[in-house]
J.: 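Here it is, the structure in full.
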Amino acid sequence: MKRIQEVIKKKAKEYEERRVYVKCQTQHFLMVTVLLILLGIFVEFAYYSTIGQLGQKIAFEIVKVHVVKFGGIVGYAFLIDWLAAFLVGTLPRQLKEGLLFPLHRPTVLNTMLLILMFSLDAPISVFCVAITVVALFSQNTRHGYSYYTFHPVLIAYVVGVIGLMATQYNLGLTDISPSLTAPYRTTVYELHSSLTAFKQHYYSMTNVIFGLFEGGMSYTLIIPLCVSALFLMRRRVIEWRVVVVYFLGYILTGGLMGILIGQPLWLTVLFLLNGSIVLSGIFLLPDAVTFSRIVSFKYIYVVGAAVLSAVGCYFVHFVIAPYLVLLLLQGLVFLVGQMKRLG
C-alpha cells in the first residue's frame, strides 16, 4: 500500500511539473511570436520603402491592411477558442479569468505560428479555416493539461496550404503565393541557378539575410528567429542541445548534398537559409507536449528529422518539407506506441 502511494505521489509530481513547464513554454512562445510578427510587419514596411516615395505610400497602405488583418485573425482565434472551451466545459466561470483564458492555451500561440509560417499575405479565409483546425486539435483536458498526438499547427498548415492553393485556382492565379516560396526555391526553379539572375532579383545575399524581399515571415526574419532561439535557450524554455543538433544535422546534410550534386557554394549557402527549418527547430520540434513522448530516443528523432528535412527540401518542396517531415515522424511515433500497447 505504501509503495502504491509513493508511485501515485511521484506521478502527481511529474504531472504537475509537466503542466507548469507547458504553461511556461506557451507563455514564452506567445511573447516571442507576437514580437516577431510585429517586427516582420516593420521589415516589410522597410522593404517597400526602399522603392522610393511611391514605395513609402504603398508600404503605409500594406502595413495598415496587415495590422487590421492581424487584429482580425487574433480576434477570431480568441472567439473560436472561447467557443471550443465552452463546448468541452473548460471555460472558467469568472469573467476576468475567462477573458484572458485563451492566452494560457495553445490556440492563440498556434495562431501566431501560422502567421509566421504563412505571413499576412495569405487570404483571411485560409487563416480562419486553419485556426478552426488548430482549436479542434489543441483543446486542453478538463484538468488543464494540453495533450495532442500531432502538433495542431502542422495539421492546420497542411489544411491551410490546400486552402491557399484552392483559392488561387478558383481565382485563376498562376503565380505561387509568397508564403509558399523562398529565395532558394525561386532561384532554382525560376532563375535557373544563375548568380547574375539572383542578384537582379534579390540584389544581394545581404538582402536575403536581412529579410528585405517579398516572402513568408519565417524567411524574412532569419536573424530575429536565431536571436529568439538564444533567448529561449537561455531561459531554458527549449533544450539547447536539441535545437543545436537539429540545425547542425540540417547544415551538414545540406552541405554534403550540395557537394554531391555539384551545387555552387552560394546556392548551398542560400539553401541553408531556410526559415521553415529555423521555425521548426525553435517552436515545433521542442514542443513540450509532442516531444515528451520521444524523450528516450530524442536524439535519434532529432537527427532523423534534420536529415529527412534536408532531403525533402532538395527533392520535395523547400518550404513545406520540414513541416511534413515532423508530421510524418509524429505519426510514426504514434503508430509505434499503438503497436507496443497492442503487443
J.: Is there a chain of hydrophobic side chains (I, L, V, M, F, W, Y, each step under 4.5 Å between heavy atoms) that links Leu113 to Leu103?
T.: yes
J.: Going by atom types only, do Asn207 and Ser204 share a side-chain donor-acceptor pair under 3.5 Å?
T.: yes
J.: Take atom OH in Tyr299; do more than 12 heavy atoms of anything else shown fall under 6.0 Å from it?
T.: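 Correct, the count exceeds 12.
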J.: Can you find a side-chain donor-acceptor pair between Ser276 and Tyr219 that sits under 3.5 Å?
T.: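 Present: a donor and an acceptor within the cut-off.
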J.: Distance only, no hydrogens: is a donor on one side chain within 3.5 Å (strictly under) of an acceptor on the other, for Tyr76 and Thr132?
T.: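 Yes, Thr132 and Tyr76 have a side-chain donor paired with an acceptor closer than 3.5 Å.
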J.: Kindly say whether the aromatic ring centers of Tyr189 and Phe318 come within a distance under 6.0 Å.
T.: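 No, too far apart.
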J.: Please answer: with hydrophobic residues joined when any side-chain heavy atoms are less than 4.5 Å apart, are Leu308 and Leu252 in the same cluster?
T.: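 Looking at the clustering, Leu252 is in a separate group from Leu308.
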J.: With sequence neighbours excluded, tell me which residues meet side-chain contact (heavy atoms from CB on, under 4.5 Å) with Val65.
T.: none
J.: Quick one about Asn274 and Tyr250 (side-chain donor to acceptor, distance below 3.5 Å, no hydrogens or angles considered), yes or no?
T.: yes
J.: Any luck finding a side-chain donor-acceptor pair between Gln263 and Tyr314 under 3.5 Å?
T.: yes
J.: According to a 4.5 Å side-chain heavy-atom criterion applied to Ile, Leu, Val, Met, Phe, Trp and Tyr, with indirect links allowed, do Ile155 and Leu328 form part of one hydrophobic cluster?
T.: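 Each belongs to a different hydrophobic cluster.
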J.: Taking the six-membered ring for Trp and the single ring otherwise, decide whether the centroids of Phe137 and Phe150 are under 6.0 Å apart.
T.: no
J.: Please tell me if the side chains of Gln27 and Val237 come closer than 4.5 Å, counting only heavy atoms from C-beta onward.
T.: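 They are not in contact (no side-chain heavy atoms under 4.5 Å apart), so the answer is no.
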J.: Please evaluate residues Met257 and Phe271 with respect to the criterion side chain to side chain contact (heavy atoms under 4.5 Å, CB included), reporting the C-alpha separation (whole Å), side-chain torsions for both, the decisive distance (0.1 Å), and the verdict.
T.: CA-CA 11 Å; Met257 292 184 67; Phe271 177 83; over 6 Å; no
J.: Is there a path of hydrophobic side-chain contacts, each under 4.5 Å between heavy atoms of I, L, V, M, F, W or Y residues, that connects Leu230 with Leu116?
T.: yes
J.: Same hydrophobic cluster for Val161 and Val316, using side-chain heavy-atom links shorter than 4.5 Å among ILVMFWY?
T.: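 No, because Val161 and Val316 fall into different hydrophobic clusters, even though each may have its own neighbours under 4.5 Å.
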J.: Please check if the side chain of Asn170 supplies one atom and the backbone of Ala166 the other of a donor-acceptor pair under 3.5 Å.
T.: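 The answer is yes, because a donor-acceptor pair under 3.5 Å joins these two groups.
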J.: If you draw a 6.0 Å radius around CZ in Phe210, do more than 12 non-hydrogen atoms from other residues or ligands fall strictly inside?
T.: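 Not buried by this count: 12 neighbours or fewer within 6.0 Å.
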J.: Could you check whether atom CZ of Phe42 has more than 12 heavy atoms from other residues, nucleotides or ligands sitting under 6.0 Å from it?
T.: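 Result for CZ/Phe42: open.
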J.: Using a 6.0 Å cut-off, check whether atom CG of Leu335 has over 12 heavy atoms from anything other than its own residue.
T.: yes
J.: Just checking, is any N or O donor in the side chain of Asp287 or Thr290 under 3.5 Å from an acceptor N or O on the other one?
T.: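 Short answer, yes.
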J.: When you check the side-chain N and O atoms of Ser179 and Ser119, is any donor under 3.5 Å from an acceptor?
T.: no
J.: Search all heavy atoms of Leu232 against all heavy atoms of Phe29 and return the closest pair with its distance.
T.: CD1-CE1, 3.6 Å
J.: Knowing that exactly one of Leu279, Thr33, Leu225, Ile41 qualifies, which makes a side-chain contact (heavy atoms from CB on, under 4.5 Å) with Met217?
T.: Ile41
J.: Say whether, by atom type as modelled, one donor and one acceptor occur between the side chain of Lys298 and the main chain of Phe291 under 3.5 angstrom.
T.: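 Checked: no pair found.
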J.: When you compare the side chains of His66 and Glu44, does any donor N or O come within less than 3.5 Å of an acceptor on the partner?
T.: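 Note: His66 and Glu44 side chains meet the donor-acceptor criterion.
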J.: Looking at Phe231, I'd like to know if the NZ or CZ of Arg234 sits under 6.0 Å from its six-membered ring centre while staying within 45 degrees of the ring's axis.
T.: no
J.: Minimum heavy-atom separation for Gly255 and Leu272, please, with both atom names.
T.: N-CD2, 4.5 Å
J.: Would you give the length of the straight line joining atom CG of Leu191 to atom NZ of Lys199, rounded to the nearest 0.5 angstrom?
T.: 13.5 Å
J.: Would a distance-only check, ignoring hydrogens and angles, find a side-chain to backbone donor-acceptor pair under 3.5 Å from Arg235 to His28?
T.: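 Checked: no pair found.
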